[in-house]
Amino acid sequence: NSKESKQSFFQKFKNDKKYRAKVQLIGYTVFIVFLIVFINVSNVGNNYSYNSVDNNNLNANDDNELQEEDSNLFKDIDDNYSYNVDVVVKTKDENGNDIESKVNYNGDSYKENLVINKVYDNVNSTYYKVEDEYYYKELDEFKLAVLDDIYNLIDGKYIEFSSVKGYIDKASLDHFTDYSSGKMEYVYDLLVRDVILSYKGEDTVPINVVIENNTVSINIDYTNLLKIVDSNIVSCVVNYKYENIGKVE
């Protein structure tokens, strides 16, 4: 039967012009469909490979540029600047009520000298830091100051620039935005466990840095960090502003 079918097909293909044309048309159609499918599949593969390589290179270039920007971020802030720091801390009292406390620090830094003007509860106080020691002035004489009297709401390491810069160095850069106006904004995430080694969670300290008009502004939400240090702390946000960089005498 198979042989007869083959002979019948070839005889009909040879003798019947219409049948032969029909078979040829079907053959051409199948070939064209196969060719179109093959080309599309090849293009999809090529596009995928091209885009993958291109995106990887693009991401690598972006990372390098961000790292370069990041490394130069505070190159002009060393030991010569004016600063203004606002601290807002919320704690719970014995009755479980939230209590908000605010303190402002402002002054100048020059070489190893730091002037600390403190405004707390409408009381102004001035302190001086020389190397690692703190002083206050009384009757034209310098006397050693108690550190807790200066930084009474939170530790000074969360306020002074050297420590703030250290936290930013430990943090990972989430993203960077360069505005047409010249403003630059950096957003960082600092893992709490990178500061408190005994902590194993995934909580972070968000850090936002803005550079604009020769002024560096930093916002740090220390809440996730300080709640571990002090269970009475509900929240803690600190805003920093650095100006007159390299111009303080």
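Residue indices begin at 1 and follow the sequence shown. Just so you know, these numbers use all the heavy atoms, side chains as well, and skip hydrogens, waters and symmetry mates. All values reported here derive from a predicted model rather than from experimental measurement.
- Aromatic ring orientation, Tyr151 versus Tyr134: perpendicular (interplanar angle above 60°, classes split at 30° and 60°).
- Pairs of residues two or more places apart, or lying in two chains, never qualify as salt bridge (Lys or Arg N to Asp or Glu O under 4.0 Å) while including a residue from residues 231-249.
- Of all heavy-atom pairs between Leu144 and Tyr135, the closest is CD2-CE2, 3.6 Å.
- Val205 has its side chain within reach of Val192: a pair of non-hydrogen atoms, C-beta onward, lies under 4.5 Å apart.
- Between Asn124 and Tyr120, the side chains place no donor N or O within less than 3.5 Å of an acceptor N or O (distance only, hydrogens not considered).
- Val87 is listed as a side-chain neighbour of Ile159, based on a closest heavy-atom distance under 4.5 Å.
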Salt bridge (Lys or Arg N to Asp or Glu O under 4.0 Å) between Lys102 and Asp86, worked out = CA-CA 7 Å; Lys102 297 180 180 181; Asp86 289 309; over 6 Å; no
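- The shortest distance between side-chain heavy atoms of Lys90 and Ile233 does not fall below 4.5 Å.
- Counting heavy atoms from C-beta on, the side chains of Val89 and Thr91 come closer than 4.5 Å.
- Here the side chains of Ile196 and Leu225 are in contact, with some heavy-atom distance below 4.5 Å.
- The side-chain tip of Lys170 does not point at the ring of Tyr167 from less than 6.0 angstrom away and within 45° of straight on.
- Between Pro206 and Asp189, the shortest heavy-atom contact is CA-OD1, 4.3 Å.
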Evaluate the criterion ring-ring contact (aromatic ring centres under 6.0 Å, His included) for residue pair Tyr128 and Tyr136; output intermediate values, then yes/no.
-> CA-CA 6 Å; Tyr128 307 89; Tyr136 67 94; 9.6 Å; no
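- Residue Asp221 is tested with Asn219, Asn224, Thr223 for a side-chain hydrogen bond (donor to acceptor under 3.5 Å, both in side chains); the sole match is Thr223.
- Listed for the Ser82 side chain is no donor-acceptor partner under 3.5 Å among the backbone atoms of Asp108.
- By the 4.5 Å heavy-atom criterion applied to side chains, Leu190 and Thr204 are not counted as neighbours.
- Using a 4.5 Å heavy-atom cutoff, the side chains of Phe176 and Met184 are in contact.
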Can you give me every donor-acceptor pair (side chain of residues 112-119, partner residue at least two apart or in another chain, under 3.5 Å) with its distance?
| unit_1 | atom_1 | unit_2 | atom_2 | d |
| --- | --- | --- | --- | --- |
| Asn117 | OD1 | Thr126 | OG1 | 3.1 |
| Asn117 | ND2 | Asn106 | O | 3.4 |
| Asn117 | ND2 | Asn106 | OD1 | 3.3 |
| Lys118 | NZ | Asp149 | O | 2.7 |
| Lys118 | NZ | Ile150 | O | 3.2 |
| Lys118 | NZ | Asn152 | OD1 | 2.9 |

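- Screening residues 227-249 for ring-ring contact (aromatic ring centres under 6.0 Å, His included), with sequence neighbours left out, gives Tyr81-Tyr242, Phe161-Tyr242.
- Residues Ile168 and Leu191 fall into different hydrophobic clusters, defined by Ile, Leu, Val, Met, Phe, Trp and Tyr side chains chained together at heavy-atom separations under 4.5 Å.
- Follow the hydrophobic side-chain contacts under 4.5 Å out from Val88 and you never reach Val164; the two are in separate clusters.
- Val238 approaches Cys236 most closely through the heavy-atom pair CG2-SG, 4.2 Å.
- Closest approach of Asp155 to Lys157, counting heavy atoms only: OD1-N, 3.0 Å.
- Residues Lys227 and Val234 share a closest heavy-atom pair of CD-O, 3.9 Å.
- Linking ILVMFWY residues whenever their side-chain heavy atoms come closer than 4.5 Å, directly or via other members, places Leu153 and Tyr158 in the same cluster.
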Run the side-chain contact (heavy atoms from CB on, under 4.5 Å) check on Val209 and Val216 step by step: do they pass?
-> CA-CA 7 Å; Val209 180; Val216 177; 4.2 Å; yes
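- In this structure, Asp230 places its CG atom where more than 12 heavy-atom neighbours from other residues, nucleotides or ligands lie under 6.0 Å away.
- Asn213 and Thr215 form no side-chain donor-acceptor contact under 3.5 Å, judged by distance and modelled atom types alone.
- Contact check for Glu202 versus Arg193: side-chain heavy atoms found under the 4.5 Å cut-off.
- Between Asp93 and Asn97, the shortest heavy-atom contact is OD1-N, 2.7 Å.
- Environment of CD in Glu141: sparse, with no more than 12 heavy atoms of neighbouring residues, nucleotides or ligands closer than 6.0 Å.
- Side chain of Asn208 to main chain of Glu185: no donor-acceptor pair is present (N/O by atom type, distance under 3.5 Å, no hydrogens or angles).
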